[in-house]
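First comes the structure, then the notes that go with it.
We number each residue from 1, following the sequence as shown. Values reported hereafter were calculated over all heavy atoms of this structure, with side chains retained and with hydrogens, waters and symmetry mates removed.
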Amino acid sequence: MSEAPILSLEDLSVRLPEGADRSHALKDVSLSVASNEILCVVGESGSGKSMMANAIMRLLPQGVEIDGGRALFEDRDLCAASPAEMREVRGAGIAMIFQEPMTALNPLRTVGDQIAEMFRVHTGLSRAEIDKRVLALLDDVRIPDPRLAAKAYPHELSGGQRQRAMIAMALALDPRLLIADEPTTALDVTTQAQILKLIRDLQQRKKTAVLFITHDFGVVAEIADRVVVMQHGRVVEHGLANEVLNHPTHAYTRQLIAAVPPLKAPSPRPLSPENILAIAGVSKTYRSGGFLGRGARITAAVRNASLTLPKGGTLGIVGESGSGKSTLARCIVRLIDPDAGAILLDGKDWAKMGRDEVRRETRHIQMVFQDPFASLNPRRKAAELVAQGPIVHGTPRATAIAEAKRLFELVGLDPSAGDRFPHEFSGGQRQRIGLARALALKPDVLVADEPVSALDVSVQAQVLKLLGELRERLGLSIVFITHDLRVAAQVCDLVAVMKEGEIVEHGPVAEVFGRPQHPYTKALIASVPGGEFTAQHEAAVS
């Protein structure tokens, strides 16, 4: 901790193009990170965290420019470095792990080939030695069967495995500084715990300096040595992790910590004795590859799942990536067809309906997707997107647009924002548009698939509060898919835990999380990052 800084930012400022909401993405930012240290940078979306990382790497978008200060990497000012000098620094000196590996990895090249490129570009190693190092790196990041993973394309790996592959690529040349930009945001708790342990182990083993960008204070409590808190492009607080977490001095830091949902469930609500949704024995198996049915890969995504949802209640479905949560959700709304079982919505079996009947009945059950940007047509204005469902079901266009603007107000958006396109909204605002679109058909059941996983804690708290208010005001019944146990504890009445396609435990959320019976449920709860901080936070909240 007393070692000289590997990286020092001195009054770094980054100017935004004319017409932006503010003049600067960063203003007079100063911080440092030393060898064998993890510095966590926290703040909401738009606070400047990722822009700072891109400025250090000189990967700023067109029209965005550094207009003051210095970024000293081992006494070399990166702000004044030439493109050729930056090419030497990137990879060998400073490596970066991006938030979404699926967009950072080339979908047309194998994972092994992309890692090998680091050695081909920066070293004179032979092909045999490069192949050997690629396999060693994949083994270092704990990817099972490195030889098979090296031959796989990105879409053939799970989210956690893709993130590990990105880490392997970043560590290929033993960089002195590792920048990790929200590397665990959309990962389930067990994979997140493994990634955090991996980064900590690698940092300690190789004495790497780590600049870790996150909005999750549980992650901060788990791995940080020091913390920097950013708001509106400025540093508002910094210090040792324990001091900032337990004795925050700035009001904004206190606000962020207060927005972290506790793992302890609130007092239970009374539930209706009548079920609006009942699924019984639902199964779904995927088959891929093979020739004429021989050697096909068979994955039992959901196995004999049975659950009930009371009217006006919220049923949470939790589990790791690949546990079958999203497949079950898509079966419920008939985006995919189950192989077996019944899905009873108000007595009608959706599993037996034909496609035409499903389209007619779809207004009774709607879905909110994890990534609203991917599910919203970028060429249509927001009000048109919300009105699309009612128009398809026979509502006159003018009436549907007027109703869409009323829904904007209901979900906390300015009705005039309906004339804007999806890219003109923040992530939290796009999620509200997704909610409005789902509510436009006045559904009885809302299926929400990871609706807040990529949102920072304060926006997440706002969306969760909104969901609770809508449930009460509109009499909604909700199926809530999430990997975040803290979120499930706060919004769900009942919870089901899924593992490898099977429901291994279910019941009232306070009972399942407070007195878990199945070893897998216990493992999930134990994997929630920042255990001691979580316990202290819960005590403060209660």
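Counting only distance, with no hydrogens or angles, the side chain of S13 and the backbone of D28 share a donor-acceptor pair below 3.5 Å. Judged purely by atom type and a 3.5 angstrom limit, R58 uses its side chain to pair as donor or acceptor with the backbone of L78. No side-chain donor-acceptor contact under 3.5 Å links E88 to the backbone of E85. Side chain of E222 to main chain of V219: no donor-acceptor pair is present (N/O by atom type, distance under 3.5 Å, no hydrogens or angles). A donor-acceptor pair is defined here as one N or O able to donate and one able to accept, closer than 3.5 Å; no such pair exists between the side chain of Q490 and the backbone of L263. Between the side chain of R70 and the backbone N or O of D11, no donor-acceptor pair lies under 3.5 Å. Judged purely by atom type and a 3.5 angstrom limit, D449 has no side-chain atom pairing as donor or acceptor with the backbone of S326. A distance-only check finds a donor-acceptor pair linking the side chain of R162 to the backbone of P154 [under 3.5 Å]. Although no hydrogens or angles enter the test, the distance criterion places a donor-acceptor pair under 3.5 Å between the side chain of K325 and the main chain of G319.
The pair E409-K405 does not count as a salt bridge, with every side-chain nitrogen at least 4.0 angstrom from each carboxylate oxygen. Ion pair D181/K49 not flagged as a salt bridge, since none of the NZ, NE, NH1 or NH2 atoms sits closer than 4.0 Å to an Asp/Glu carboxylate oxygen. Salt bridge absent: D174 and K207 never bring a charged side-chain N and a carboxylate O closer than 4.0 Å. A salt bridge is absent between D140 and R164: the closest approach of a Lys/Arg side-chain nitrogen to an acidic carboxylate oxygen does not fall below 4.0 angstrom.
Closest heavy-atom contact between I143 and A165: CD1-N, 4.0 Å. Closest heavy-atom contact between V227 and A241: CG2-CA, 3.7 Å. Summarising the geometry of P17 relative to G63, their closest heavy-atom pair is CG-O, 3.5 Å, with the distance given to 0.1 Å. Taking all atoms of both residues into account, the shortest heavy-atom contact from P183 to I97 is CB-CG2, 4.1 Å. I38 and F212 get closest at one heavy-atom pair: CG2-CB, 4.2 Å. Contact between F421 and P378 at its shortest, heavy atoms only, is CD2-O, 3.6 Å.
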Determine, step by step, whether R200 and D225 satisfy the salt bridge (charged side-chain N to carboxylate O under 4.0 Å, His left out) criterion, reporting the C-alpha distance in whole Å, the side-chain angles of both residues, the deciding distance to 0.1 Å, and the verdict.
CA-CA 11 Å; R200 172 61 91 179; D225 296 310; 3.7 Å; yes
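Using a 3.5 Å distance cut-off with no hydrogens or angles, the side chains of E320 and H483 do not pair a donor with an acceptor. Judged by distance alone, the side chains of T314 and R471 do bring a donor and an acceptor atom under 3.5 Å apart. Looking at H247 and N242, their side chains never bring a donor and an acceptor atom within 3.5 Å of each other. The closest side-chain donor-acceptor pair between S416 and D414 falls under 3.5 angstrom.
The environment of K465 atom NZ is sparse: at most 12 non-hydrogen atoms of other residues, nucleotides or ligands sit within 6.0 angstrom. Heavy atoms of other residues, nucleotides or ligands lying less than 6.0 angstrom from NE2 of H238 number 12 at most.
You'll find the side chain of P422 stays beyond 4.5 Å of the side chain of R380, heavy atoms only. Inter-residue side-chain proximity for V210 and L39 is flagged as unmet; no heavy-atom pair is nearer than 4.5 Å.
Results of the side-chain hydrogen bond (donor to acceptor under 3.5 Å, both in side chains) test with Y252 over E44, Q231, H232, E237 single out E44 as the only residue that passes. Screening L60, I56, L26 for a side chain to side chain contact (heavy atoms under 4.5 Å, CB included) involving I66 leaves a single residue, L60. Looking at K197, R205, Q203, Q204 one by one, the single match for side-chain hydrogen bond (donor to acceptor under 3.5 Å, both in side chains) with D201 turns out to be K197.
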